[in-house]
Amino acid sequence: QVQLVESGGGLVQPGGSLRLSCAASGFTLDYYAIGWFRQAPGKEREGVSCIKGSDGSTYYADSVKGRFTISRDSAKNTVYLQMSSLKPEDTAVYYCSTSHPTCKPLIPVGSWGQGTQVTVSS
């Protein structure tokens, strides 16, 4: 069964950090570009970041550049999103999905899971 499961969300104060995990089963992440996406209440889905399966090159939305870092642990078949300097506008449900092979455009290919809630608030 092909599946991606997001975890690691929570409540943090502005300026805080969280690390999200995207754990794969049924396929090997290394062979695919994996993207992180988010959807805030009342807003459309937004592409956040992506890591290529070919060489591990990474891409980020302008809104998160310098604050978020995407990485992959091949042994654990997991992609991470390290989020730092979090802002209230980062509040959203975060999802991971297979993405365009080159990460550009930053669009999902696979289906969405349940996601993980990130709330940034004082």
Side-chain angles (χ1 to χ4, degrees):
Q1 181 178 350
V2 175
Q3 188 176 48
L4 290 172
V5 178
E6 304 93 342
S7 63
L11 173 64
V12 297
Q13 293 184 313
S17 300
L18 283 174
R19 188 182 72 164
L20 307 184
S21 297
C22 175
S25 61
F27 72 102
T28 300
L29 280 177
D30 289 359
Y31 301 142
Y32 299 88
I34 303 297
W36 280 99
F37 306 84
R38 65 188 182 187
Q39 188 164 25
K43 302 183 70 174
E44 294 186 355
R45 182 192 64 213
E46 174 189 15
V48 175
S49 184
C50 183
I51 184 166
K52 292 170 63 176
S54 57
D55 61 4
S57 298
T58 58
Y59 300 88
Y60 301 92
D62 289 342
S63 59
V64 306
K65 285 180 180 177
R67 301 189 298 118
F68 290 12
T69 302
I70 191 170
S71 62
R72 179 177 60 221
D73 186 331
S74 297
K76 296 182 179 179
N77 207 26
T78 299
V79 168
Y80 302 97
L81 185 67
Q82 178 67 49
M83 307 185 297
S84 300
S85 301
L86 284 163
K87 305 175 180 179
E89 51 263 46
D90 295 318
T91 296
V93 178
Y94 284 70
Y95 305 87
C96 61
S97 175
T98 53
S99 302
H100 190 282
T102 66
C103 287
K104 294 182 178 181
L106 184 47
I107 57 174
V109 174
S111 61
W112 291 29
Q114 292 299 306
T116 185
Q117 176 71 49
V118 172
T119 302
V120 185
S121 176
S122 298

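For reference, positions follow the sequence shown, starting with 1.
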Heavy-atom pair of closest approach, residues [X] and [Y]:
X	Y	result
Val120	Lys87	CB-O, 3.2 Å
Cys50	Ala33	SG-CB, 4.0 Å
Lys65	Tyr60	CE-O, 3.2 Å
Val64	Val48	CG2-O, 3.5 Å
Thr78	Ser21	CG2-CB, 4.1 Å
Gln117	Thr91	NE2-CG2, 4.0 Å

Inset, instruction - Linking directly or through intermediates, with side-chain heavy atoms under 4.5 Å: list the remaining ILVMFWY members grouped with Leu106, chain and number order. - result: Phe37
Legend entry - Heavy-atom side-chain contact between Ile34 and Thr98 under 4.5 Å: yes
Inset, instruction - Decide yes or no for Phe27 and Asn77: does some side-chain heavy atom of the first lie under 4.5 Å from some side-chain heavy atom of the second? - result: no
Under 3.5 Å, side-chain donor or acceptor atoms of residues 4-14 against the rest of the protein: list the pairs with distances, not counting sequence neighbours.
from : atom 1 : to     : atom 2 : distance (Å)
Glu6 : OE1    : Gly115 : N      : 3.2
Glu6 : OE2    : Cys96  : N      : 2.9

Atom pair [atom1] ([X]) and [atom2] ([Y]), whose distance is rounded to the nearest 0.5 Å:
X	Y	atom1	atom2	result
Ser57	Lys104	OG	NZ	10.0 Å
Leu29	Ser74	CG	OG	8.5 Å
Leu20	Phe68	CG	CZ	8.0 Å

Inset, instruction - Kindly write out the residues that satisfy salt bridge (charged side-chain N to carboxylate O under 4.0 Å, His left out) with Glu89, not counting sequence neighbours, or none if the list is empty. - result: none
Legend entry - Under 3.5 Å: donor-acceptor pair, side chain of Ser99, backbone of Gly35: yes
Only pairs under 3.5 Å count here: list side-chain donor-acceptor contacts from residues 38-45, not counting sequence neighbours, and write none if there are none.
from  : atom 1 : to    : atom 2 : distance (Å)
Arg38 : NE     : Glu46 : OE1    : 2.9
Arg38 : NH1    : Asp90 : OD1    : 2.9
Arg38 : NH1    : Tyr94 : OH     : 2.8
Arg38 : NH2    : Glu46 : OE1    : 3.3
Gln39 : NE2    : Lys43 : O      : 3.1

Legend entry - Residues forming a ring-ring contact (aromatic ring centres under 6.0 Å, His included) with Tyr59, sequence neighbours excluded: none
Legend entry - Residue pairs passing the salt bridge (charged side-chain N to carboxylate O under 4.0 Å, His left out) test where at least one lies in residues 10-30, sequence neighbours excluded: Asp30-Arg72
Inset, instruction - Group every Ile, Leu, Val, Met, Phe, Trp and Tyr by side-chain heavy-atom contacts under 4.5 Å, then state whether Tyr31 and Trp36 land in the same group. - result: yes
